[in-house]
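All of these numbers come straight from a predicted model, not from anything done at the bench.
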Amino acid sequence: VLLTVRGEGYRLLPPNQQPTPTGNLRSPPALVGRDEEQATLQRLWSEGGVLSIIGQGGVGKTALACGFAVEEYVRGGCGEVWFLDLTPARRLSDILRLTQRTLQASVSGSSTLELLGALGRWLQGRPRPLVIVDNCEQVVEDAARAIGAWSAAAPEARFVATSRQP
C-alpha cells in the first residue's frame with residue numbers, strides 16, 4: 001500500500017498493514033460488497049458539506065462511515081479521523097461534553113454556547129479533521145446545530161453523520 005502523506009510525500013506500507021488514521025478511529029470493519037455505496041459517498045463528498053448516512057438499525061451505517069473515512073485518509077483528503085458516538089446524548093450539552101472528551105480537546109466554556117464555540121475553534125486548529133458523528137437519531141436537531149456551528153468555525157473540518165432518522 002502506498003500512503004499519501006499530505007505535505008510530506010509518500011510512505012510505503014507492508015502489504016498486510018492497513019493505514020491507521022490519526023485521531024481515535026481504530027481498525028474499522030472491512031467493507032464487503034459496498035462499492036456502490038462507497039462511490040456514492042465519494043461523489044457526495046466531493047460536492048462538499050456534511051454527509052448524512054440514514055437508515056434502519058443494523059444496516060451498516062457505522063461500518064460504511066468508518067470505511068469511507070479510512071479511504072479518505074488514505075487518499076490524503078483528511079489529516080485525521082475522529083469517531084464520536086452520540087448514543088448517550090440527549091441534548092446539546094451532552095453532545096458537547098462527549099465531543100470534548102472524545103476529541104481530547106482542552107477547551108472550556110461557562111455556557112453551552114461558549115463550549116460550542118470553543119470546540120469550533122479547536123477544530124479550526126486541527127489538520128483537516130474528519131469527524132464521524134454516529135448515532136444522531138435521538139438528538140438530530142442538536143447534532144445538526146453543533147455540526148453547523150463547527151463547520152462554520154472550521155471550514156476545513158468535514159463531518160459524516162449517521163442516524164436512523166433524517
TODO: Search all heavy atoms of V139 against all heavy atoms of R91 and return the closest pair with its distance.
DONE: CG1-N, 3.7 Å
Open item on the list: Please report the interatomic distance CG(L116) to CZ(R121), rounded to the nearest 0.5 Å.
Closed with: 9.5 Å
Task: Spacing of I54 atom CD1 and T162 atom OG1 [to the nearest 0.5 Å] - done: 9.5 Å
Open item on the list: What I want to find out is whether E80 reaches R128 closely enough, with some N-O distance under 4.0 Å, to be called a salt bridge.
Closed with: no
TODO: Determine whether E71 and Q38 make a side-chain contact, defined as any pair of heavy atoms from C-beta on separated by less than 4.5 Å.
DONE: yes
Open item on the list: Donor-acceptor pair, distance only, cut-off 3.5 Å: does the side chain of T102 make one with the backbone of T99?
Closed with: no
Open item on the list: Within the 4.5 Å heavy-atom criterion, are V81 and N24 side-chain neighbours or not?
Closed with: no
Task: Student check: side-chain heavy atoms of L115 and S108 closer than 4.5 Å - done: no
Open item on the list: Tell me whether the count of non-hydrogen atoms from other residues, nucleotides or ligands lying under 6.0 Å of CD in E141 goes above 12.
Closed with: no
Task: For the student: nearest non-hydrogen atoms of A154 and G120, plus distance - done: CB-O, 3.8 Å
- [ ] Indicate the atoms forming the closest heavy-atom contact of Y73 with G79, along with that distance.
- [x] CE1-O, 3.7 Å
Open item on the list: Do the side chains of D94 and R97 get close enough for a salt bridge, i.e. N-O under 4.0 angstrom?
Closed with: yes
Open item on the list: Does E114, at its CD atom, have more than 12 non-hydrogen atoms belonging to other residues, nucleotides or ligands within less than 6.0 Å?
Closed with: yes
Task: Backbone N/O of L92 and side chain of D142: donor-acceptor pair under 3.5 Å - done: yes
Open item on the list: With side chain to side chain contact (heavy atoms under 4.5 Å, CB included) as the criterion, how do V160 and V50 come out once you've worked through the C-alpha distance, each side chain's angles and the decisive distance to 0.1 Å?
Closed with: CA-CA 6 Å; V160 177; V50 175; over 6 Å; no
Task: From CZ (F159) to CD1 (I132), nearest 0.5 Å - done: 12.0 Å
- [ ] Starting from the C-alpha separation in whole Å, work towards a yes-or-no answer on side chain to side chain contact (heavy atoms under 4.5 Å, CB included) for L96 and L119.
- [x] CA-CA 8 Å; L96 300 179; L119 286 165; 3.9 Å; yes
Task: Nearest heavy atoms of I95 and A146, plus distance in Å - done: CG2-CB, 4.3 Å
Task: CA sep, side-chain torsions, deciding dist, call: W45, L130, side chain to side chain contact (heavy atoms under 4.5 Å, CB included) - done: CA-CA 11 Å; W45 185 259; L130 187 163; 3.6 Å; yes
- [ ] Please answer whether the main-chain N or O of P127 pairs with a side-chain N or O of E156 as donor and acceptor at a distance below 3.5 Å.
- [x] no
TODO: Find the distance between NZ (K61) and CD (E37) and round it off to the nearest 0.5 Å.
DONE: 13.0 Å
Task: Shared hydrophobic cluster, L98 / L113 (ILVMFWY, side-chain heavy atoms < 4.5 Å) - done: yes
Task: Joint cluster assignment, W122 & W150, ILVMFWY side-chain distance < 4.5 Å - done: yes
Open item on the list: Could you tell me if the side chain of D134 sits less than 4.5 Å from the side chain of L84, heavy atoms only?
Closed with: no
TODO: With rounding to the nearest 0.5 Å, note down the distance linking OG in S106 to CD in Q100.
DONE: 8.0 Å
- [ ] Flag the pair V131 / R158 as yes when at least one side-chain heavy-atom distance between them is below 4.5 Å, and no otherwise.
- [x] no
TODO: Starting at CG of L41, measure out to CD1 of I53 and round the result to the nearest 0.5 Å.
DONE: 4.5 Å
- [ ] List the steps and the verdict of side chain to side chain contact (heavy atoms under 4.5 Å, CB included) for Q138 and Q165.
- [x] CA-CA 8 Å; Q138 71 284 353; Q165 296 182 9; over 6 Å; no
